[in-house]
2 protein chains.
Amino acid sequence: MKRRKRATAPQKRNADATRAKILQAALDEFSERGLPAASTDDIADRCGVNKRMIYYYFGSKEGLYLAALESVFERFVALEREIDVEHLEPAAAIEAMIDLKIDYYVENPHFVSFLAMENFYKARHLRKSKKLHMFKTPLTEVIARILKRGQSSGQFRQDVDPVDFYVSMCALCIMYFSNQHSLGAIFQRDMMSGANIERRRRTVVDFVLSYLQMTDGARTPAPGRKPARQAALVS
Amino acid sequence: MKRRKRATAPQKRNADATRAKILQAALDEFSERGLPAASTDDIADRCGVNKRMIYYYFGSKEGLYLAALESVFERFVALEREIDVEHLEPAAAIEAMIDLKIDYYVENPHFVSFLAMENFYKARHLRKSKKLHMFKTPLTEVIARILKRGQSSGQFRQDVDPVDFYVSMCALCIMYFSNQHSLGAIFQRDMMSGANIERRRRTVVDFVLSYLQMTDGARTPAPGRKPARQAALVS
DNA sequence: GCCCCAGTTAACTCCCCGGTTAATTAGAGG
DNA sequence: CCTCTAATTAACCGGGGAGTTAACTGGGGC
């Protein structure tokens with residue numbers, strides 16, 4: 001009799017529920033303390049599961065970390081895949097994407113933490129992930145289409161590389177959150193107050209649309225612009 | 001006879017040299033492995049100094065980390081303090097600041113690492129620093145002056161908050177480097193190739209100047225812009 | 001030439017933590 | 001009701017790493 005399937009009160013002997021509880025606890029622990037400082041004992045305590053279960057389901061601490069990392073990225077990319085802005089005016093579509101990103105960062109600090117952590121460790125684990133190919137953000141293609149629409153209607157400039165543009169948009173959105181603590185400490189501001197977040201949102205939209213709507217070549221070139229200094233660069 | 005002062009071959013019994021060697025090793029170790037994974041034994045080995053010396057000079061692993069963090073920030077702020085762009089045209093001055101930042105990030109990955117690490121740990125150590133007040137970047141004032149010049153000559157838009165603007169400029173510059181590994185893995189690009197860095201430099205300058213030179217109100221407002229959603233925000 | 005202490009050393013302690021062993025039990029299938 | 005296995009548990013192990021102890025020494029001051 002498999003009367004109770006799962007989803008009711010998860011008591012004893014429920015593989016999926018146990019796995020899920022561990023994963024959630026890992027998400028919390030890793031994003032709070034970081035990979036090296038996180039302890040498997042604490043993760044087990046957090047979710048009231050025997051430590052051995054971590055090794056039973058995830059093999060090792062690193063295996064658990066990788067699973068947590070993947071789950072965070074999967075959810076993020078899934079959201080970006082859902083967005084539908086094809087029916088919007090190009091400028092409104094760009095704005096909608098910025099809103100999506102900022103809202104996501106506000107509501108999912110776990111993602112911001114994992115991204116920062118993973119970059120600190122040179123994306124060692126991300127690169128190892130078999131799901132890496134799934135993490136290529138679908139937004140670059142959405143952006144490419146929006147840009148094309150905006151360009152053919154004459155609203156947007158012509159010389160925009162979608163990936164490069166995506167990085168810029170992303171930078172304007174995420175850095176405020178990923179660096180909120182140093183910025184907050186140095187400028188003595190509460191970066192997470194509603195008013196400040198809204199101000200940020202407006203600035204980002206303003207920046208991005210200014211760039212896109214700037215007529216090609218209209219920008220005053222700085223006089224005496226020195227050529228790119230390749231010599232100073234590594235590799 | 002204090003014949004050899006220091007700076008020649010630093011052999012035995014040289015407090016300053018020992019302290020400096022430890023600090024340098026700490027810089028390397030912490031930025032490579034992170035605060036929790038860094039080991040005092042390894043730091044001692046790295047610079048050929050007895051582990052006890054770390055405790056003699058810095059009190060604890062955390063004390064050493066704080067000293068390293070402060071030294072990294074001090075050097076960064078010192079550089080920003082040195083820059084002189086008052087003689088340049090406003091647009092060229094902005095460009096010079098962007099160049100300064102990008103060059104610095106390219107040449108000082110330690111700074112990028114420490115900044116990311118410190119933010120991951122919610123700026124816990126930075127906030128504890130007695131030198132925190134020294135880390136308020138002098139660039140915001142420089143920026144304020146440049147903006148004023150650009151505004152009175154009619155080249156720049158009027159409604160720009162210096163701190164907000166600084167954050168945006170900084171975001172466009174640093175995120176490319178702080179997130180180089182995840183971006184590189186996902187987009188399969190070598191973010192640190194000379195050509196890609198130069199492309200980045202041009203894009204950032206383009207973004208920032210487009211924003212500043214955008215005539216107030218010239219930007220097409222997106223139709224149907226929904227009002228700011230305060231409700232969705234935390235606190 | 002001697003004293004004294006800042007600077008240096010090796011050896012040690014203790015505990016935390018990742019991972020393992022082996023025994024135990026819930027419950028599905030026959 | 002019995003069996004067999006997936007799931008769960010407690011107890012244990014070994015290594016690494018932060019921090020300490022106490023002995024020692026180079027060299028400046030007198």
Side-chain angles (χ1 to χ4, degrees), chain A residues 1-26 28-30 32-69 121 124-125, chain B residues 1-26 28-30 32-69 121 124-125:
Chain A
M1 291 175 231
K2 202 187 275 180
R3 198 173 308 153
R4 64 193 68 174
K5 195 132 187 212
R6 70 202 50 148
T8 46
Q11 44 264 81
K12 298 191 165 189
R13 300 275 148 154
N14 187 333
D16 291 4
T18 303
R19 224 192 106 98
K21 278 197 292 184
I22 294 173
L23 199 59
Q24 181 58 47
D28 296 337
E29 175 88 359
F30 283 129
E32 271 172 33
R33 313 225 272 154
L35 173 51
S39 107
T40 52
D41 288 282
D42 287 356
I43 292 172
D45 286 352
R46 245 179 218 265
C47 55
V49 149
N50 189 284
K51 178 168 68 150
R52 185 64 236 273
M53 292 291 92
I54 292 173
Y55 295 88
Y56 186 71
Y57 288 115
F58 299 96
S60 67
K61 183 183 170 181
E62 285 233 335
L64 177 56
Y65 174 80
L66 186 57
L69 180 69
Y121 294 115
R124 196 178 312 153
H125 312 90
Chain B
M1 283 176 236
K2 202 187 277 178
R3 199 172 307 152
R4 63 194 69 173
K5 196 131 187 214
R6 70 201 51 146
T8 45
Q11 43 264 80
K12 299 191 164 188
R13 299 276 150 153
N14 187 333
D16 291 4
T18 303
R19 224 191 106 97
K21 279 197 291 184
I22 294 172
L23 199 59
Q24 181 58 48
D28 296 336
E29 175 88 359
F30 283 129
E32 270 171 34
R33 312 227 271 154
L35 173 51
S39 109
T40 53
D41 289 280
D42 287 357
I43 292 172
D45 287 352
R46 244 178 218 265
C47 56
V49 149
N50 191 285
K51 178 167 69 150
R52 183 65 236 271
M53 292 292 92
I54 292 173
Y55 294 87
Y56 187 71
Y57 287 114
F58 299 96
S60 67
K61 182 182 171 182
E62 285 232 334
L64 176 56
Y65 174 81
L66 186 57
L69 180 70
Y121 294 116
R124 195 179 311 152
H125 311 91

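Throughout, protein chains are lettered first and strands after them, A, B, ... in sequence-line order, and every chain is numbered starting at 1.
- In terms of phosphate contacts, A:Thr40 brings a side-chain nitrogen or oxygen within less than 4.0 Å of OP1 or OP2 of C:dG18.
- Atom CD1 of A:Ile54 is separated from atom P of D:dT9 by 12 Å (rounded to the nearest Å).
- Residue B:Ala44 is out of contact with every strand shown, counting any heavy-atom pair closer than 4.0 Å.
- The distance from atom NZ of A:Lys61 to atom P of C:dT20 is 14 Å, rounded to the nearest whole Å.
- Using a 4.5 Å heavy-atom threshold, the side chains of B:Arg33 and B:Ser39 count as touching.
- Taking the side chain as every heavy atom from C-beta outward, A:Phe30 and A:Leu69 never approach each other to under 4.5 Å.
- Atom P of nucleotide D:dG19 and atom CG of B:Leu64 are separated by 11 Å, given to the nearest angstrom.
- Between A:Tyr55 atom OH and D:dA6 atom P the separation is 22 Å, expressed in whole Å.
- In this structure the side chain of A:Leu23 reaches within 4.5 angstrom of the side chain of A:Phe58, judged on heavy atoms.
- An OP1 or OP2 oxygen of C:dG7 is reached within less than 4.0 angstrom by no side-chain nitrogen or oxygen of B:Asn14.
- OP1 or OP2 of D:dT8 sits under 4.0 Å from a side-chain N or O of A:Thr18.
- One can place CG of A:Asp42 at 8 Å from P of C:dG18, the figure rounded to the nearest angstrom.
- Residue A:Tyr57 is classed as a sugar-phosphate contact, given heavy-atom separations below 4.0 Å to backbone atoms only.
- If A:Lys51 and A:Tyr56 are placed on DNA chain D by their nearest nucleotide, the residue sitting closer to the 5' end is A:Tyr56.
- Closest-nucleotide positions on DNA chain C for A:Ala37 and B:Arg52 were compared, and the one nearer the 5' end corresponds to B:Arg52.
- One finds the CZ atom of A:Arg46 at 13.5 Å from the CD1 atom of A:Ile22 (value rounded to the nearest 0.5 Å).
- Between A:Arg13 atom CZ and D:dT5 atom P there is a gap of 14 Å when expressed in whole angstrom units.
- At the phosphate of D:dA10, OP1 or OP2 sits under 4.0 Å from a side-chain N or O atom of A:Asn50.
- The shortest distance between side-chain heavy atoms of B:Lys61 and B:Leu35 falls below 4.5 Å.
- Nearest to the side chain of B:Ala15, among C:dG7, D:dG17, D:dT9, sits C:dG7.
- In this structure, CZ of A:Phe58 is placed 14 Å from P of C:dG19, rounded to the nearest angstrom.
- Atom CD1 in A:Ile22 sits about 12 Å away from atom P in D:dA7, given to the nearest Å.
- Taking every side-chain heavy atom of B:Ser39 into account, D:dG17 is the closest of D:dT8, C:dG7, D:dG17.
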